[in-house]
Amino acid sequence: MTVRTVICGAGISGLALAHRLAAEGGEVVLVERAPGRRPQGYMIDFFGPGLEAVEAMGLLPAFERAAYHYEEGHLVGADGRPRATVLTKSFARGRLMSMMRPDIEAVLAEHLPAEVELHYDTALTGVTERPDGVSATLADGTVLDADLLVGADGIHSTVRRLVFGPEERYLRHLGLHTAAFTFDAPDVHAATEHAFRLTDSVDRQMGFYALRDGRVAAFTVHRSADPALPGDPRAEIRRAYAGLGWVTPRALEQCPPAEEIYYDQVAQIELPRWSSGRVVLLGDAAYAVSLIAGQGASLGIAGAYLLADRLVRVPSIEAAFADFERLWRPVVAERQRNARSLARWFLPATPADLRIRRLMLRLSRVPFVMDRLATLLTGKDVTLADVLRRAGDRPLGPVSGSVPLTPA
Ligand SMILES: Cc1cc2nc3c(=O)[nH]c(=O)nc-3n(C[C@H](O)[C@H](O)[C@H](O)COP(=O)(O)OP(=O)(O)OC[C@H]3O[C@@H](n4cnc5c(N)ncnc54)[C@H](O)[C@@H]3O)c2cc1C
């Protein structure tokens with residue numbers, strides 16, 4: 001008999017897990033609340049363990065086709081002049097690609113094995129745990145029975161709330177709000193081409209990437225002690241970023257309506273346990289590291305790879321969940337600590353901190369400093385291959401597709 005998995009959430013983590021489980025012969029139902037692929041996008045720096053997993057899944061060429069390669073990032077003054085430049089390779093320690101979030105999801109969705117059932121416009125609203133399985137109730141009343149349920153439903157996870165308790169227990173607000181949107185403005189596109197650009201400003205900053213279709217992807221971060229989100233994100237963005245200079249007035253003018261904006265607090269998720277019986281959390285739902293870490297997508301995909309690997313190799317589902325957590329928690333906990341200590345440099349609070357950040361970035365071209373900076377920005381150098389080796393597994397390689405998942 002084949003194991004049946006219901007995955008809640010067709011984001012990066014849920015799609016990657018569906019891909020791996022189906023490739024290993026599992027039966028997978030993926031339910032996604034959004035009516036279709038989510039178009040709201042921001043640029044993701046993609047490197048480290050997630051990139052290793054993508055290669056092992058045979059998806060690297062497809063990722064490469066959708067990727068951007070920005071070799072430099074500039075901190076830009078209100079007059080548009082670069083004040084400091086960083087080489088992107090100085091923090092990735094190896095291969096790095098930049099990808100729009102919807103493009104990552106598109107590649108994963110387009111390469112899902114045909115057997116995966118993917119249902120959009122389908123929200124999970126209830127979970128019933130049983131000793132030998134779990135049932136997921138959907139918004140229309142349908143009940144899906146499964147051997148296991150995976151909550152890959154993001155930082156505001158419904159599965160986590162239903163099974164582990166209210167969000168407030170696990171969410172740590174990092175004192176910032178973030179937003180992302182895309183817009184059409186040829187003048188801004190021309191001013192932001194070929195490199196990533198970030199305003200060199202105190203307590204609020206806007207970053208820009210010129211996209212190949214002529215649009216510009218903007219992201220914003222500003223300080224806000226209040227985790228509550230504004231009723232009108234566009235009005236809040238226009239208020240918070242007024243007077244920032246350079247191309248920012250044009251970006252604010254072109255900012256789309258609320259439904260096309262991604263807006264949230266910057267936060268991390270910390271739970272004492274990631275699983276309960278036949279339910280496990282994955283990706284941001286279990287261990288959001290925040291955009292300060294710049295690795296949430298990478299850790300979502302690598303976590304999916306590892307979870308699927310444990311489910312294939314460990315004889316009981318509960319033991320596989322425990323093994324996944326034993327191997328993966330130290331990696332994400334270190335990323336979370338690192339992101340918290342980096343917050344001061346990610347968004348400087350004083351002109352003096354701005355100057356220090358500029359100096360650090362200028363020094364990043366010195367090889368010894370580059371290494372130290374990589375550790376400061378991204379944490380210890382841990383590979384997915386190391387983690388699998390610690391588990392006693394084979395080195396990463398192409399997916400076999402031949403091992404049927406069998407229930408405990
Ligand atoms: C501005 C910004 C920049 C970032 N930059 C980087 C970066 O440079 N590098 C990097 O690696 N990471 C980055 N990240 C983090 C990264 O985007 C996230 O960590 C990653 O997308 C999390 O993926 P996920 O699949 O776990 O969750 P999500 O992307 O949140 O997906 C969860 C899915 O579950 C669905 N869902 C929710 N509730 C339900 C329900 N009840 N029923 C059914 N479906 C449901 C949602 O609609 C969604 O599709 C950044 C994040 C932000 C905000």
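One-based numbering, in listed order, for ligands and for the atoms of each. No experiment lies behind these values; they were computed from the predicted model shown.
For atom 40 (C) of ligand 1, the nearest protein heavy atom (residue, atom name, distance) is C8 SG, 3.6 Å. Protein heavy atom nearest atom 1 (C) of ligand 1, with residue, atom name and distance: L291 CD1, 3.6 Å. Annotation: atom 7 (C) of ligand 1 to nearest protein heavy atom, D45 N, 3.4 Å. Among protein heavy atoms, the minimum distance from atom 5 (N) of ligand 1 is reached at M43 O, 4.0 Å. At the top of the distance list for atom 44 (N) of ligand 1, counting protein heavy atoms only, stands R33 N, 3.0 Å. With respect to atom 27 (O) of ligand 1, the closest heavy atom belonging to the protein is G154 CA, 3.6 Å. Closest protein heavy atom to atom 24 (P) of ligand 1: S13 OG, 3.4 Å. In this structure, the protein non-hydrogen atom closest to atom 36 (N) of ligand 1 is D153 CB, 3.7 Å.
In terms of polar-atom proximity, defined here as any N/O pair under 3.5 Å, I12 does make such a contact with ligand 1. Residue D284 places at least one N or O, backbone or side chain, under 3.5 Å from an N or O of ligand 1. An N or O contact shorter than 3.5 Å links T158 to ligand 1 by distance. Residue contacts with ligand 1: Y42 is placed with a nitrogen or oxygen under 3.5 Å of a nitrogen or oxygen of the ligand (distance criterion only). Here's the thing with G296: one of its N/O atoms is less than 3.5 angstrom from an N/O atom of ligand 1. Distances between N or O atoms of L124 and those of ligand 1 include at least one value under 3.5 Å. By the 3.5 Å distance cut-off applied to N or O atoms, A297 is counted among the residues near ligand 1. Backbone and side-chain nitrogen or oxygen atoms of E105 are examined, and none is located within less than 3.5 angstrom of a nitrogen or oxygen of ligand 1.
When R38, E32, R101 are ranked by how near their heavy atoms come to atom 29 (O) of ligand 1, first place goes to R38. Remark: among candidates G9, G294, A218, A152, the nearest residue to atom 32 (C) of ligand 1 is A152, based on non-hydrogen atoms.
The aromatic ring centres of W274 and F324 sit less than 6.0 Å apart. The distance between the ring centers of Y70 and H194 does not fall below 6.0 angstrom.
Near T122, with a cut-off below 4.0 Å to any heavy atom, the atoms of ligand 1 are 43 (C). Against a heavy-atom cut-off of under 4.0 Å, G11 is close to the following atoms of ligand 1: 25 (O), 31 (O), 33 (C), 49 (O). Residue Q295 approaches ligand 1 through these ligand atoms, each under 4.0 Å from one of its heavy atoms: 9 (N), 10 (C), 11 (O), 12 (N). Remark: ligand 1 atoms within the under-4.0 Å shell around heavy atoms of S298 are 11 (O). Annotation for ligand 1: atoms under 4.0 Å from non-hydrogen atoms of Y262 are 53 (C). Using a 4.0 Å cut-off to heavy atoms of G283, the atoms of ligand 1 that qualify are 26 (O). For ligand 1, the atoms closer than 4.0 angstrom to any heavy atom of I44 are 6 (C), 7 (C), 8 (O), 9 (N), 10 (C), 11 (O), 17 (O). Proximity to V31 (heavy-atom distance under 4.0 Å) selects the following atoms of ligand 1: 43 (C), 44 (N).
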Decide yes or no on ring-ring contact (aromatic ring centres under 6.0 Å, His included) for Y209 and Y68, but give the supporting numbers first.
-> CA-CA 10 Å; Y209 296 89; Y68 291 81; 8.2 Å; no
Might you work through the side chain to side chain contact (heavy atoms under 4.5 Å, CB included) test for E260 and F181, ending with a clear yes or no?
-> CA-CA 7 Å; E260 292 172 41; F181 55 92; over 6 Å; no
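Of all heavy-atom pairs between L354 and P348, the closest is CD2-CG, 3.7 Å. The nearest pair of heavy atoms linking R38 to G11 is NH2-CA, 4.1 Å. Residue P249 comes nearest to W246 through the heavy atom pair CD-O, 3.3 Å, listed as atom of the first residue, atom of the second, then distance.
Note that CD1 of I269 is 4.0 Å distant from CG of L171, once rounded to the nearest 0.5 Å.
A donor atom on one side chain and an acceptor atom on the other are found under 3.5 Å apart for E167 and H156. There is no side-chain donor-acceptor pair under 3.5 Å between S224 and D226. Side-chain polar atoms of E117 and H119 form a donor-acceptor pair below 3.5 angstrom.
A salt bridge does not link R337 with E334: every distance from a Lys NZ or Arg NE/NH1/NH2 to an Asp or Glu carboxylate oxygen is 4.0 Å or more. Salt-bridge annotation for D200 and R357: present, with a side-chain N of the basic residue lying under 4.0 Å from a carboxylate O of the acidic one.
Residue contacts with ligand 1 leave out A180, since none of its heavy atoms falls under 4.0 Å from the ligand. Not close to ligand 1: F47, with no non-hydrogen atom less than 4.0 angstrom away. Residue D264 places every heavy atom at 4.0 Å or more from ligand 1.
Under 4.0 Å from ligand 1, not a single heavy atom of F46 appears. When heavy-atom distances to ligand 1 are checked against a 4.0 Å cut-off, V159 has no atom that comes that close, whether in backbone or side chain.
Looking only at side-chain heavy atoms (C-beta outward), H74 and F196 stay at 4.5 Å or farther from each other.
In this structure, R20 satisfies the cation-pi test against Y305, with its NZ or CZ atom closer than 6.0 Å to the six-membered ring centre and inside 45 degrees of the ring normal. At least one test fails for R215 against the ring of F183: distance under 6.0 Å to the centre or angle within 45° of the axis.
In this pair, H173 and H177 present their aromatic rings perpendicular. The plane angle is above 60°, beyond the 30 to 60° band.
The ring pair (Phe, Tyr, Trp, His ring centres under 6.0 Å) test with Y42 singles out one residue from F219, Y263, Y262, and that residue is Y262.
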